Number of protein chains: 2
Amino acid sequence: MAKEDLNTEQKILLAAKKIFVEKGLEGARMQEIADEAGINKALLHYYFRSKDKLFDGVFKEAFASLLPSILSLLKQDIPLFEKIRLFTSQYIEIFKENHYIPGFVLHELNRNPKRIIDLISTVGIKPEIFMKQVEEEVEKGTIQPIDPRDLIVNMLAMCIFPFVAAPILKNIIFNKDEEAFALFIDERKKTVPQFIINSLKKNV
Amino acid sequence: MAKEDLNTEQKILLAAKKIFVEKGLEGARMQEIADEAGINKALLHYYFRSKDKLFDGVFKEAFASLLPSILSLLKQDIPLFEKIRLFTSQYIEIFKENHYIPGFVLHELNRNPKRIIDLISTVGIKPEIFMKQVEEEVEKGTIQPIDPRDLIVNMLAMCIFPFVAAPILKNIIFNKDEEAFALFIDERKKTVPQFIINSLKKNV
DNA sequence: GTCTATATTGTGATAGAC
DNA sequence: GTCTATCACAATATAGAC
(Lines give C-alpha, C1' and ligand atoms only; values in the text may rest on other atoms or scores of the structure.)
Protein backbone atom coordinates (compact mmCIF):
# COMPACT_ATOMS: atom_id res chain seq x y z
CA MET A 1 0.00 0.00 0.00
CA ALA A 2 1.44 3.33 -1.05
CA LYS A 3 1.90 6.12 1.46
CA GLU A 4 -0.69 8.27 -0.30
CA ASP A 5 -3.42 5.70 0.05
CA LEU A 6 -3.32 5.75 3.83
CA ASN A 7 -5.98 7.66 5.69
CA THR A 8 -4.95 10.50 7.95
CA GLU A 9 -4.83 8.49 11.14
CA GLN A 10 -2.60 5.89 9.56
CA LYS A 11 -0.36 8.57 8.11
CA ILE A 12 0.00 10.10 11.55
CA LEU A 13 0.83 6.80 13.19
CA LEU A 14 3.41 6.00 10.55
CA ALA A 15 5.06 9.40 10.86
CA ALA A 16 4.92 9.38 14.65
CA LYS A 17 6.49 5.96 14.75
CA LYS A 18 9.38 7.11 12.64
CA ILE A 19 10.03 10.24 14.68
CA PHE A 20 9.49 8.71 18.13
CA VAL A 21 11.75 5.80 17.30
CA GLU A 22 14.43 8.14 16.09
CA LYS A 23 14.22 10.77 18.81
CA GLY A 24 12.46 9.21 21.76
CA LEU A 25 9.45 10.65 23.53
CA GLU A 26 11.03 13.88 24.77
CA GLY A 27 13.27 14.32 21.75
CA ALA A 28 10.41 14.17 19.26
CA ARG A 29 8.62 17.37 18.22
CA MET A 30 4.96 17.42 17.29
CA GLN A 31 5.82 19.78 14.44
CA GLU A 32 8.30 17.26 13.10
CA ILE A 33 5.71 14.51 13.19
CA ALA A 34 3.19 16.74 11.44
CA ASP A 35 5.70 17.59 8.73
CA GLU A 36 6.59 13.94 8.28
CA ALA A 37 2.90 13.09 7.93
CA GLY A 38 2.31 15.99 5.55
CA ILE A 39 -0.30 17.64 7.75
CA ASN A 40 -0.29 20.27 10.50
CA LYS A 41 0.06 20.08 14.24
CA ALA A 42 -3.58 20.73 15.01
CA LEU A 43 -4.61 17.53 13.31
CA LEU A 44 -2.36 15.52 15.57
CA HIS A 45 -4.33 16.78 18.52
CA TYR A 46 -7.57 16.21 16.72
CA TYR A 47 -6.85 12.51 16.25
CA PHE A 48 -4.87 11.92 19.42
CA ARG A 49 -5.56 14.17 22.35
CA SER A 50 -1.96 14.69 23.41
CA LYS A 51 1.62 13.83 22.64
CA ASP A 52 1.60 11.20 25.37
CA LYS A 53 -1.48 9.53 23.97
CA LEU A 54 0.02 9.50 20.50
CA PHE A 55 3.16 7.96 21.88
CA ASP A 56 1.24 5.27 23.69
CA GLY A 57 -0.52 4.37 20.48
CA VAL A 58 2.71 4.10 18.58
CA PHE A 59 4.52 2.20 21.26
CA LYS A 60 1.78 -0.28 21.82
CA GLU A 61 1.68 -1.10 18.15
CA ALA A 62 5.44 -1.31 17.71
CA PHE A 63 5.89 -3.48 20.75
CA ALA A 64 2.85 -5.66 20.97
CA SER A 65 2.62 -6.41 17.27
CA LEU A 66 5.70 -8.55 17.16
CA LEU A 67 6.34 -10.01 20.56
CA PRO A 68 3.39 -12.29 21.26
CA SER A 69 3.73 -14.36 18.11
CA ILE A 70 7.32 -15.24 18.74
CA LEU A 71 7.01 -15.68 22.47
CA SER A 72 4.20 -18.17 22.15
CA LEU A 73 6.84 -20.39 20.65
CA LEU A 74 8.42 -20.85 24.04
CA LYS A 75 5.29 -22.57 25.29
CA GLN A 76 4.94 -25.08 22.52
CA ASP A 77 5.79 -28.73 22.86
CA ILE A 78 8.97 -28.93 20.81
CA PRO A 79 12.33 -30.56 21.65
CA LEU A 80 14.60 -28.08 23.44
CA PHE A 81 17.36 -27.70 20.86
CA GLU A 82 14.82 -27.33 18.08
CA LYS A 83 12.98 -24.71 20.10
CA ILE A 84 16.17 -22.75 20.67
CA ARG A 85 16.96 -22.86 16.97
CA LEU A 86 13.50 -21.64 16.00
CA PHE A 87 13.30 -18.98 18.65
CA THR A 88 16.66 -17.35 18.01
CA SER A 89 16.46 -17.47 14.22
CA GLN A 90 12.95 -16.06 14.13
CA TYR A 91 13.75 -13.41 16.70
CA ILE A 92 16.79 -12.22 14.78
CA GLU A 93 14.81 -12.19 11.55
CA ILE A 94 12.06 -10.07 13.10
CA PHE A 95 14.54 -7.56 14.44
CA LYS A 96 16.36 -7.50 11.14
CA GLU A 97 13.13 -6.24 9.60
CA ASN A 98 12.49 -3.88 12.52
CA HIS A 99 15.96 -3.00 13.67
CA TYR A 100 14.80 0.15 15.46
CA ILE A 101 12.47 -1.69 17.83
CA PRO A 102 14.98 -2.98 20.39
CA GLY A 103 16.62 0.37 21.05
CA PHE A 104 13.27 2.10 21.14
CA VAL A 105 11.71 -0.33 23.58
CA LEU A 106 14.75 -0.57 25.81
CA HIS A 107 15.14 3.19 26.03
CA GLU A 108 11.53 3.82 26.95
CA LEU A 109 11.74 0.89 29.32
CA ASN A 110 14.45 2.64 31.27
CA ARG A 111 12.85 6.07 31.02
CA ASN A 112 9.47 4.92 32.20
CA PRO A 113 9.56 1.33 33.46
CA LYS A 114 6.06 1.39 34.88
CA ARG A 115 4.40 2.28 31.61
CA ILE A 116 6.20 -0.49 29.76
CA ILE A 117 5.76 -3.05 32.47
CA ASP A 118 2.02 -2.42 32.44
CA LEU A 119 1.96 -2.92 28.72
CA ILE A 120 3.84 -6.16 28.99
CA SER A 121 1.50 -7.38 31.66
CA THR A 122 -1.41 -7.03 29.26
CA VAL A 123 0.48 -9.02 26.66
CA GLY A 124 1.33 -11.63 29.24
CA ILE A 125 4.76 -13.12 28.70
CA LYS A 126 5.28 -16.31 30.61
CA PRO A 127 8.64 -17.99 30.30
CA GLU A 128 7.89 -20.56 33.02
CA ILE A 129 7.14 -23.39 30.65
CA PHE A 130 10.39 -22.96 28.80
CA MET A 131 12.32 -22.75 32.05
CA LYS A 132 10.72 -25.92 33.29
CA GLN A 133 11.63 -27.71 30.10
CA VAL A 134 15.25 -26.71 30.61
CA GLU A 135 15.21 -27.85 34.21
CA GLU A 136 13.91 -31.24 33.22
CA GLU A 137 16.63 -31.73 30.65
CA VAL A 138 19.23 -30.78 33.23
CA GLU A 139 17.79 -33.27 35.72
CA LYS A 140 17.70 -36.00 33.13
CA GLY A 141 21.35 -35.18 32.46
CA THR A 142 20.80 -34.73 28.74
CA ILE A 143 22.32 -31.23 28.75
CA GLN A 144 24.98 -29.41 30.73
CA PRO A 145 23.80 -28.08 34.07
CA ILE A 146 22.56 -24.49 33.68
CA ASP A 147 20.26 -22.04 35.42
CA PRO A 148 17.31 -21.71 33.01
CA ARG A 149 17.20 -18.00 33.76
CA ASP A 150 20.76 -17.68 32.48
CA LEU A 151 19.85 -19.52 29.35
CA ILE A 152 16.87 -17.34 28.55
CA VAL A 153 18.78 -14.13 29.32
CA ASN A 154 21.69 -15.26 27.16
CA MET A 155 19.36 -16.11 24.30
CA LEU A 156 17.65 -12.73 24.44
CA ALA A 157 20.98 -10.96 24.84
CA MET A 158 22.57 -12.51 21.78
CA CYS A 159 19.47 -11.88 19.66
CA ILE A 160 18.82 -8.31 20.73
CA PHE A 161 22.14 -6.73 21.66
CA PRO A 162 23.63 -6.49 18.16
CA PHE A 163 20.74 -4.28 17.09
CA VAL A 164 21.01 -1.97 20.07
CA ALA A 165 24.76 -1.62 19.70
CA ALA A 166 24.74 -1.60 15.91
CA PRO A 167 26.41 1.79 15.35
CA ILE A 168 29.28 0.96 17.64
CA LEU A 169 29.77 -2.55 16.29
CA LYS A 170 29.72 -1.35 12.70
CA ASN A 171 32.42 1.06 13.62
CA ILE A 172 34.87 -0.91 15.69
CA ILE A 173 34.41 -4.37 14.19
CA PHE A 174 33.20 -3.83 10.64
CA ASN A 175 35.05 -0.64 9.71
CA LYS A 176 31.78 1.09 8.81
CA ASP A 177 30.94 -1.57 6.21
CA GLU A 178 27.13 -1.64 6.38
CA GLU A 179 26.84 -4.56 4.03
CA ALA A 180 29.26 -6.72 5.96
CA PHE A 181 27.31 -6.00 9.11
CA ALA A 182 24.00 -6.95 7.48
CA LEU A 183 25.55 -10.20 6.30
CA PHE A 184 26.90 -10.85 9.77
CA ILE A 185 23.46 -10.37 11.29
CA ASP A 186 21.95 -12.75 8.80
CA GLU A 187 24.55 -15.38 9.55
CA ARG A 188 23.71 -15.10 13.22
CA LYS A 189 20.39 -16.80 12.58
CA LYS A 190 22.54 -19.92 12.36
CA THR A 191 25.57 -19.13 14.48
CA VAL A 192 23.68 -18.01 17.57
CA PRO A 193 21.66 -21.21 18.08
CA GLN A 194 24.78 -23.19 17.26
CA PHE A 195 26.74 -21.31 19.90
CA ILE A 196 24.06 -21.96 22.49
CA ILE A 197 23.56 -25.60 21.66
CA ASN A 198 27.32 -26.21 21.67
CA SER A 199 27.38 -24.87 25.19
CA LEU A 200 24.53 -27.09 26.34
CA LYS A 201 25.64 -30.30 24.67
CA LYS A 202 27.20 -33.00 26.79
CA ASN A 203 30.69 -34.08 25.92
CA VAL A 204 30.42 -37.61 24.69
CA MET B 1 35.20 12.39 49.70
CA ALA B 2 31.96 13.80 51.06
CA LYS B 3 29.59 15.65 48.78
CA GLU B 4 30.13 18.90 50.65
CA ASP B 5 33.85 18.88 50.05
CA LEU B 6 33.48 19.02 46.29
CA ASN B 7 33.98 22.29 44.51
CA THR B 8 31.13 23.74 42.52
CA GLU B 9 32.21 22.34 39.18
CA GLN B 10 32.46 18.86 40.62
CA LYS B 11 29.10 19.20 42.30
CA ILE B 12 27.57 20.22 39.00
CA LEU B 13 29.12 17.31 37.12
CA LEU B 14 27.96 14.85 39.74
CA ALA B 15 24.43 16.20 39.75
CA ALA B 16 24.28 16.44 35.97
CA LYS B 17 25.46 12.88 35.62
CA LYS B 18 22.72 11.64 37.86
CA ILE B 19 19.97 13.56 36.07
CA PHE B 20 21.18 12.99 32.51
CA VAL B 21 21.58 9.29 33.14
CA GLU B 22 18.12 9.10 34.58
CA LYS B 23 16.29 11.27 32.08
CA GLY B 24 18.46 11.44 28.99
CA LEU B 25 19.56 14.63 27.29
CA GLU B 26 16.13 15.93 26.31
CA GLY B 27 14.37 14.62 29.40
CA ALA B 28 16.69 16.36 31.83
CA ARG B 29 15.89 19.85 33.11
CA MET B 30 18.57 22.37 33.98
CA GLN B 31 16.52 23.36 37.01
CA GLU B 32 16.54 19.77 38.19
CA ILE B 33 20.31 19.57 37.83
CA ALA B 34 20.73 22.84 39.70
CA ASP B 35 18.51 21.60 42.53
CA GLU B 36 20.40 18.34 42.71
CA ALA B 37 23.68 20.24 42.92
CA GLY B 38 22.28 22.63 45.50
CA ILE B 39 22.90 25.71 43.38
CA ASN B 40 20.90 27.74 40.87
CA LYS B 41 20.51 27.53 37.12
CA ALA B 42 22.65 30.53 36.32
CA LEU B 43 25.71 28.84 37.73
CA LEU B 44 25.31 25.94 35.37
CA HIS B 45 25.69 28.34 32.48
CA TYR B 46 28.56 30.07 34.18
CA TYR B 47 30.59 26.87 34.37
CA PHE B 48 29.35 25.22 31.19
CA ARG B 49 28.12 27.47 28.44
CA SER B 50 25.07 25.42 27.50
CA LYS B 51 23.12 22.30 28.27
CA ASP B 52 24.74 20.51 25.35
CA LYS B 53 28.21 21.36 26.54
CA LEU B 54 27.37 20.16 30.03
CA PHE B 55 26.06 16.94 28.63
CA ASP B 56 29.20 16.37 26.61
CA GLY B 57 31.30 16.79 29.70
CA VAL B 58 29.24 14.31 31.65
CA PHE B 59 29.08 11.77 28.90
CA LYS B 60 32.76 11.85 28.14
CA GLU B 61 33.57 11.19 31.75
CA ALA B 62 30.98 8.45 32.24
CA PHE B 63 32.00 6.63 29.12
CA ALA B 64 35.71 7.10 28.83
CA SER B 65 36.47 6.56 32.48
CA LEU B 66 35.61 2.90 32.55
CA LEU B 67 36.10 1.46 29.11
CA PRO B 68 39.82 1.77 28.39
CA SER B 69 40.98 -0.09 31.45
CA ILE B 70 38.92 -3.14 30.80
CA LEU B 71 39.39 -3.16 27.05
CA SER B 72 43.14 -3.11 27.32
CA LEU B 73 42.71 -6.58 28.72
CA LEU B 74 41.82 -7.89 25.30
CA LYS B 75 45.27 -7.02 24.04
CA GLN B 76 47.24 -8.71 26.74
CA ASP B 77 49.10 -11.96 26.30
CA ILE B 78 46.90 -14.32 28.29
CA PRO B 79 45.50 -17.76 27.37
CA LEU B 80 42.13 -17.43 25.63
CA PHE B 81 39.88 -19.06 28.20
CA GLU B 82 41.54 -17.16 31.01
CA LYS B 83 41.10 -13.93 29.08
CA ILE B 84 37.42 -14.63 28.54
CA ARG B 85 36.96 -15.34 32.22
CA LEU B 86 38.70 -12.13 33.27
CA PHE B 87 37.02 -9.95 30.69
CA THR B 88 33.45 -11.04 31.35
CA SER B 89 33.71 -11.11 35.12
CA GLN B 90 35.36 -7.69 35.30
CA TYR B 91 32.97 -6.21 32.79
CA ILE B 92 29.93 -7.42 34.71
CA GLU B 93 31.42 -6.17 37.97
CA ILE B 94 32.01 -2.71 36.51
CA PHE B 95 28.46 -2.50 35.22
CA LYS B 96 27.12 -3.78 38.51
CA GLU B 97 28.67 -0.72 40.11
CA ASN B 98 27.51 1.54 37.28
CA HIS B 99 24.36 -0.15 36.13
CA TYR B 100 23.04 3.00 34.46
CA ILE B 101 25.97 3.33 32.06
CA PRO B 102 24.95 0.77 29.41
CA GLY B 103 21.48 2.16 28.87
CA PHE B 104 22.77 5.69 28.90
CA VAL B 105 25.52 5.04 26.38
CA LEU B 106 23.41 2.89 24.09
CA HIS B 107 20.61 5.43 23.97
CA GLU B 108 22.87 8.33 23.15
CA LEU B 109 24.65 6.09 20.69
CA ASN B 110 21.44 5.68 18.75
CA ARG B 111 20.38 9.29 19.15
CA ASN B 112 23.66 10.69 17.98
CA PRO B 113 25.95 7.99 16.60
CA LYS B 114 28.50 10.43 15.24
CA ARG B 115 29.15 12.06 18.59
CA ILE B 116 29.75 8.73 20.27
CA ILE B 117 31.76 7.26 17.45
CA ASP B 118 34.09 10.24 17.57
CA LEU B 119 34.52 9.77 21.27
CA ILE B 120 35.33 6.12 20.83
CA SER B 121 37.84 6.93 18.15
CA THR B 122 39.75 9.07 20.59
CA VAL B 123 39.72 6.27 23.13
CA GLY B 124 40.83 3.82 20.47
CA ILE B 125 39.28 0.41 20.92
CA LYS B 126 41.01 -2.24 18.91
CA PRO B 127 39.66 -5.78 19.12
CA GLU B 128 41.91 -7.07 16.34
CA ILE B 129 44.41 -8.72 18.64
CA PHE B 130 41.73 -10.66 20.47
CA MET B 131 40.12 -11.71 17.21
CA LYS B 132 43.44 -12.93 15.89
CA GLN B 133 44.01 -14.96 19.01
CA VAL B 134 40.65 -16.65 18.50
CA GLU B 135 41.40 -17.36 14.86
CA GLU B 136 44.68 -19.00 15.78
CA GLU B 137 43.02 -21.28 18.31
CA VAL B 138 40.44 -22.25 15.72
CA GLU B 139 43.14 -23.04 13.18
CA LYS B 140 45.08 -25.08 15.71
CA GLY B 141 41.87 -26.97 16.35
CA THR B 142 41.99 -26.35 20.10
CA ILE B 143 38.51 -24.79 20.15
CA GLN B 144 35.29 -25.20 18.20
CA PRO B 145 35.24 -23.31 14.90
CA ILE B 146 33.74 -19.84 15.40
CA ASP B 147 33.77 -16.44 13.77
CA PRO B 148 35.74 -14.28 16.22
CA ARG B 149 33.32 -11.44 15.58
CA ASP B 150 30.48 -13.63 16.81
CA LEU B 151 32.43 -14.47 19.92
CA ILE B 152 33.16 -10.88 20.80
CA VAL B 153 29.59 -9.77 20.12
CA ASN B 154 28.22 -12.62 22.20
CA MET B 155 30.54 -11.77 25.06
CA LEU B 156 29.53 -8.13 25.04
CA ALA B 157 25.86 -9.06 24.66
CA MET B 158 25.79 -11.36 27.66
CA CYS B 159 27.65 -8.86 29.83
CA ILE B 160 25.72 -5.74 28.86
CA PHE B 161 22.19 -6.81 27.95
CA PRO B 162 20.98 -7.76 31.44
CA PHE B 163 21.63 -4.20 32.61
CA VAL B 164 19.84 -2.59 29.70
CA ALA B 165 16.85 -4.88 30.03
CA ALA B 166 16.89 -4.96 33.82
CA PRO B 167 13.36 -3.63 34.48
CA ILE B 168 11.78 -6.11 32.12
CA LEU B 169 13.82 -9.05 33.36
CA LYS B 170 13.10 -8.24 36.99
CA ASN B 171 9.44 -8.25 36.12
CA ILE B 172 8.95 -11.30 33.96
CA ILE B 173 11.65 -13.57 35.35
CA PHE B 174 12.20 -12.47 38.93
CA ASN B 175 8.71 -11.40 39.94
CA LYS B 176 9.96 -7.95 40.92
CA ASP B 177 12.40 -9.41 43.45
CA GLU B 178 15.26 -6.89 43.31
CA GLU B 179 17.47 -8.90 45.57
CA ALA B 180 17.12 -12.07 43.56
CA PHE B 181 18.04 -10.13 40.46
CA ALA B 182 21.14 -8.64 42.10
CA LEU B 183 22.20 -12.12 43.15
CA PHE B 184 21.59 -13.41 39.67
CA ILE B 185 23.80 -10.68 38.17
CA ASP B 186 26.54 -11.49 40.63
CA GLU B 187 26.39 -15.17 39.76
CA ARG B 188 26.78 -14.27 36.12
CA LYS B 189 30.38 -13.31 36.74
CA LYS B 190 30.90 -17.06 36.84
CA THR B 191 28.12 -18.48 34.71
CA VAL B 192 28.72 -16.28 31.67
CA PRO B 193 32.36 -17.26 31.11
CA GLN B 194 31.41 -20.85 31.85
CA PHE B 195 28.65 -20.71 29.24
CA ILE B 196 31.04 -19.30 26.66
CA ILE B 197 33.87 -21.68 27.38
CA ASN B 198 31.52 -24.66 27.31
CA SER B 199 30.53 -23.62 23.83
CA LEU B 200 34.11 -23.30 22.66
CA LYS B 201 35.46 -26.47 24.22
CA LYS B 202 36.10 -29.45 22.01
CA ASN B 203 34.23 -32.62 22.83
CA VAL B 204 36.82 -35.08 24.02
C1' DG C 1 31.52 33.12 42.04
C1' DT C 2 26.96 33.27 43.23
C1' DC C 3 22.62 35.09 43.28
C1' DT C 4 17.73 37.19 41.54
C1' DA C 5 15.27 38.75 37.88
C1' DT C 6 14.29 38.78 33.16
C1' DA C 7 14.72 38.02 28.29
C1' DT C 8 13.95 34.79 24.59
C1' DT C 9 12.81 31.02 22.41
C1' DG C 10 10.48 26.31 22.21
C1' DT C 11 6.54 23.65 22.10
C1' DG C 12 2.26 21.41 23.38
C1' DA C 13 -2.26 22.57 23.07
C1' DT C 14 -6.64 25.14 21.77
C1' DA C 15 -10.03 28.39 19.30
C1' DG C 16 -12.41 29.23 15.55
C1' DA C 17 -12.99 29.84 10.39
C1' DC C 18 -13.88 27.06 6.40
C1' DG D 1 -11.75 16.97 8.90
C1' DT D 2 -8.48 20.30 7.97
C1' DC D 3 -6.50 24.60 8.25
C1' DT D 4 -4.37 29.30 10.33
C1' DA D 5 -3.55 31.89 14.17
C1' DT D 6 -2.68 32.15 18.83
C1' DC D 7 -2.37 30.98 23.72
C1' DA D 8 0.01 29.53 27.76
C1' DC D 9 3.66 27.96 29.68
C1' DA D 10 7.97 25.74 30.26
C1' DA D 11 12.87 25.82 29.68
C1' DT D 12 17.34 27.57 28.10
C1' DA D 13 19.99 31.37 28.42
C1' DT D 14 21.56 36.08 29.79
C1' DA D 15 21.96 40.69 32.44
C1' DG D 16 23.36 42.77 36.18
C1' DA D 17 23.62 43.41 41.36
C1' DC D 18 26.35 41.83 45.18
Side-chain angles (χ1 to χ4, degrees), chain A residues 1-62 104 107-108 110-112 114-116, chain B residues 1-62 104 107-108 110-112 115:
Chain A
M1 184 149 62
K3 223 174 183 174
E4 294 73 31
D5 296 338
L6 299 173
N7 65 32
T8 304
E9 184 168 352
Q10 291 171 319
K11 273 195 283 191
I12 290 175
L13 277 172
L14 193 69
K17 187 171 168 178
K18 182 179 167 190
I19 303 298
F20 277 136
V21 158
E22 210 173 297
K23 309 280 179 80
L25 172 57
E26 284 97 353
R29 298 295 98 134
M30 293 296 265
Q31 183 62 59
E32 216 176 346
I33 295 172
D35 291 347
E36 176 72 28
I39 53 156
N40 60 54
K41 280 193 297 178
L43 264 192
L44 296 180
H45 289 90
Y46 176 79
Y47 279 91
F48 303 82
R49 264 176 58 90
S50 68
K51 189 185 184 184
D52 269 7
K53 291 245 173 35
L54 177 55
F55 180 84
D56 275 348
V58 167
F59 189 90
K60 204 167 284 197
E61 198 195 272
F104 180 53
H107 173 63
E108 298 305 332
N110 283 286
R111 291 284 295 103
N112 197 340
K114 219 172 131 9
R115 177 187 243 156
I116 312 305
Chain B
M1 185 149 61
K3 223 174 185 174
E4 295 73 30
D5 297 337
L6 300 173
N7 65 33
T8 304
E9 184 169 352
Q10 290 172 319
K11 273 196 282 191
I12 290 175
L13 277 172
L14 193 70
K17 186 171 168 178
K18 181 178 168 191
I19 304 298
F20 277 137
V21 157
E22 209 174 297
K23 309 280 179 81
L25 172 56
E26 285 94 355
R29 295 294 95 122
M30 294 295 266
Q31 183 62 60
E32 217 176 346
I33 295 171
D35 291 347
E36 176 73 27
I39 53 155
N40 60 54
K41 283 189 296 176
L43 264 192
L44 297 180
H45 289 91
Y46 175 80
Y47 280 91
F48 302 82
R49 264 178 58 88
S50 69
K51 190 186 183 183
D52 269 6
K53 291 244 171 38
L54 176 55
F55 180 84
D56 274 348
V58 167
F59 189 90
K60 202 167 284 196
E61 198 196 271
F104 181 53
H107 173 63
E108 298 305 332
N110 284 286
R111 288 280 294 103
N112 198 339
R115 177 188 245 159

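Atoms considered below: every heavy atom in the structure, side chains included; atoms not considered: hydrogens, waters and symmetry mates. Note that this is a predicted model, so its numbers are computed, not measured. By convention in this document, chain letters (A, B, ...) are assigned in the order of the sequence lines, proteins followed by strands, and residues within each chain are numbered from 1.
- Per the geometry, CG belonging to A/N40 stands 17 Å off P belonging to C/dT11, to the nearest Å.
- Atom-to-atom, NZ of A/K41 to P of C/dT11 comes out at 9 Å; the value is rounded to the nearest Å.
- Residue-level contact check: A/A34 touches neither bases nor backbone, having no heavy atom under 4.0 Å from any strand.
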Secondary-structure notation, DNA chain D, from Watson-Crick and G-U pairs under 3.5 angstrom (| other strand): ||||||||.|||||||||
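- A/Q31 places its CD atom 13 Å from the C1' atom of C/dA13, with the value rounded to the nearest Å.
- The main-chain N or O of B/V58 is never found under 3.5 Å from a side-chain atom of B/E61 such that the two would form a donor-acceptor pair.
- Atom CE of residue B/M30 and atom CG of residue B/L43 lie 11.0 Å apart, to the nearest 0.5 angstrom.
- Using a distance-only test at 3.5 Å, with no hydrogens or angles considered, no donor-acceptor pair links the side chain of B/K53 to the main chain of B/H45.
- Between A/K23 atom NZ and C/dT11 atom P the separation is 10 Å, expressed in whole Å.
- To the nearest angstrom, C1' of C/dA13 lies 19 Å from CZ of A/F55.
- Within the 4.5 Å cutoff, no side-chain heavy atoms of A/K18 are placed close to those of A/K23.
- Side-chain atoms of A/E108 and A/N112 include no donor-acceptor pair closer than 3.5 Å.
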Go through A/Q10 and A/N7 one step at a time and tell me if the side chain to side chain contact (heavy atoms under 4.5 Å, CB included) criterion holds. CA-CA 5 Å; A/Q10 291 171 319; A/N7 65 32; 3.2 Å; yes
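- For C/dG12, the glycosidic angle deviates from 0 by more than 90°, giving an anti base.
- With ring centers used as reference points, B/F48 lies 6.0 Å or more from B/F55.
- When DNA chain D is scanned in the 5' to 3' direction for atoms under 4.0 Å from non-hydrogen atoms of chain A, the outermost contacting nucleotides are D/dG1 to D/dT4.
- No side-chain heavy atom of B/D56 sits under 4.5 Å from any side-chain heavy atom of B/D52.
- Distance, A/R29 CZ to C/dT11 C1': 7 Å, rounded to whole Å.
- If you measure from atom CZ of A/F48 to atom P of C/dA13, you get 13 Å, rounded to the nearest angstrom.
- A/H45 has a side-chain polar atom (N or O) that falls below the 4.0 Å cut-off from OP1 or OP2 of C/dA13.
- A/D35 places its CG atom 12 Å from the P atom of C/dT11, with the value rounded to the nearest Å.
- Residues B/F20 and B/F104 have side chains in contact (heavy-atom distance under 4.5 Å, counting atoms from C-beta outward).
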